[in-house]
Trainee: 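My structure is below; once you've seen it, I'll send some questions.
Residue indices begin at 1 and follow the sequence shown. Note that the structure is predicted; figures quoted are calculated from it, not measured. For ligands, and for the atoms within them, numbers begin at 1 and follow the listed sequence.
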Amino acid sequence: FSTPRAPRRATTVRNAVQFSKYHGLGNDFILIDNRDRDDPSLTPEQAEKLCNRNFGIGGDGVIFALKPPSSEYDFTMRIYNSDGSEPEMCGNGIRCFAQFLKDLGEEQKSYNIHTLAGKIVPVMNEDSITVDMGEPILAAAKVPTTLEPNFEGDSVVEQTYECNGKEWKISCVSMGNPHAVIFVNDLEKDIDFANDGPALEKASVFPAKTNVEFVQVKAPDHLVMKVWERGAGPTLACGTGACALTVAAIRAGKIPRGESCRVTLPGGDLFIEWRESDSHVYMTGPATFAFEGSAKV
Ligand SMILES: N[C@H](CCC[C@H](N)C(=O)O)C(=O)O
């Protein structure tokens, strides 16, 4: 899991930003070392440009390592999606963030990271990272969604909703960021991904828009999914989405609440546990260094 470190060459590019590129199962991020700052060194517009896969570095988002707000935390993580919007949290991103910190020489077994979704704790294993993603947020008003609650008084599980000319059964879960989870029998035949994805992402019942996960149940401990992300579109993996859909599958009675559920995403597998003891969701998966460099902004 060692990361080759090329010697940092003097940047010859004017107005250049030093970056490191990492991915979690192909959900890829540009990481910026702002450990000496309280706020990101780039604007959302600059981040959007850097994410462009033809005119920039290419990525699903830009992630900033910043000063912590208090000694309770080690660092702050902030992220801009590839469209420049700022989400509360990013599951694959925080694994990449932890690996980035380790590669920068901040060697710790675990990190207390301040995010807009609260404290998130990645723990470094030999060849993977396990993240305590905290408790899922289930009350409809807090996801947020205006879909009528139909489960346990205040939450939404398999609620019917018409969108893009089809009737969907939607379950809503927030992991700090909103997720609309839809169980289908056949991921290929039952959805027109390129049209249903953006229509649901921007549906009026999601005031902050939403990430959309289409899920097929393969076994009591194995789910397969395709994700259309808020502010990023189709990605190869979504960590918060894998957590949200596992919680939704348990609440909808699709799978039992087991030790660990394998979630197969287009980019590979994540392992998710919604632990009964503390009601926290734990996500285990890889974080991979790809390259580093300097880019014009
Ligand atoms: N696009 C997401 C943020 C990134 C989440 C995803 N990449 C993950 O791994 O959790 C949102 O706007 O909520």
Trainee: Please check whether Gly91 reaches ligand 1 - meaning an N/O of the residue sits under 3.5 Å from an N/O of the ligand, judged on distance alone.
Mentor: yes
Trainee: Consider side chain to side chain contact (heavy atoms under 4.5 Å, CB included). Of Asn92, Val227, Asn211, Leu25, which one does Thr235 pass it with?
Mentor: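 Exactly one pass, corresponding to Val227.
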Trainee: Could a heavy atom of Met175 be found less than 4.0 Å from some atom of ligand 1?
Mentor: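 It does not, in that no heavy atom of Met175 comes within the 4.0 Å cut-off of ligand 1.
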Trainee: Starting from atom 5 (C) of ligand 1, locate the nearest protein heavy atom and write down its residue, its atom name and how far away it is, to 0.1 Å.
Mentor: Glu229 OE1, 3.5 Å
Trainee: Any non-hydrogen atom of Thr235 lying under 4.0 Å from ligand 1?
Mentor: no
Trainee: Between Arg53 and Asp60, does at least one N-O distance fall below 4.0 Å, as a salt bridge requires?
Mentor: yes
Trainee: Could you list the atoms of ligand 1 found under 4.0 angstrom from a heavy atom of Pro87?
Mentor: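 Those of ligand 1 that fall under 4.0 Å from Pro87 are 3 (C), 11 (C), 12 (O), 13 (O).
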Trainee: Should Arg262 and Asp221 count as an ion pair when the cut-off is N to O under 4.0 Å?
Mentor: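 Salt bridge flag = no for Asp221 with Arg262.
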Trainee: What I want to find out is whether Asp39 reaches Arg78 closely enough, with some N-O distance under 4.0 Å, to be called a salt bridge.
Mentor: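 So Asp39 pairs with Arg78 through a salt bridge.
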Trainee: Need the ligand 1 atom indices (1-based, order shown) with element for anything under 4.0 Å from a heavy-atom of Asn92.
Mentor: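 Heavy-atom distances to Asn92 below 4.0 Å select 8 (C), 9 (O).
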Trainee: Between Thr240 and ligand 1, which part of the residue brings a heavy atom under 4.0 Å of the ligand: side chain, backbone, both or neither?
Mentor: both
Trainee: Does the side chain of Arg95 come within less than 4.5 Å of Met283's, by heavy atoms?
Mentor: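 Of all side-chain heavy-atom pairs linking Arg95 with Met283, at least one is under 4.5 Å.
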Trainee: Could you tell me how the ring of Tyr111 sits relative to the ring of Phe75: parallel (under 30°), tilted (30 to 60°) or perpendicular (over 60°)?
Mentor: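 Rings of Tyr111 and Phe75: tilted, as their planes differ by 30° to 60°.
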Trainee: For the residue pair Phe100 and Tyr22, does the interplanar ring angle fall in the parallel (under 30°), tilted (30 to 60°) or perpendicular (over 60°) class?
Mentor: perpendicular
Trainee: Tell me: protein heavy atom nearest atom 2 (C) of ligand 1, and distance?
Mentor: Asn211 OD1, 3.3 Å
Trainee: For the 3.5 Å polar cut-off, considering only N or O atoms, please tell me whether Gly239 and ligand 1 meet it.
Mentor: yes
Trainee: Give me the one residue out of Asn185, Val184, Leu223 that meets side chain to side chain contact (heavy atoms under 4.5 Å, CB included) with Val217.
Mentor: Leu223
Trainee: So is Asn177 polar-close to ligand 1, meaning N/O to N/O under 3.5 Å?
Mentor: yes
Trainee: May I ask you to list the atoms of ligand 1 that are less than 4.0 angstrom from any heavy atom of Cys238?
Mentor: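 Numbered from 1, ligand 1 contributes 6 (C), 8 (C), 9 (O), 10 (O).
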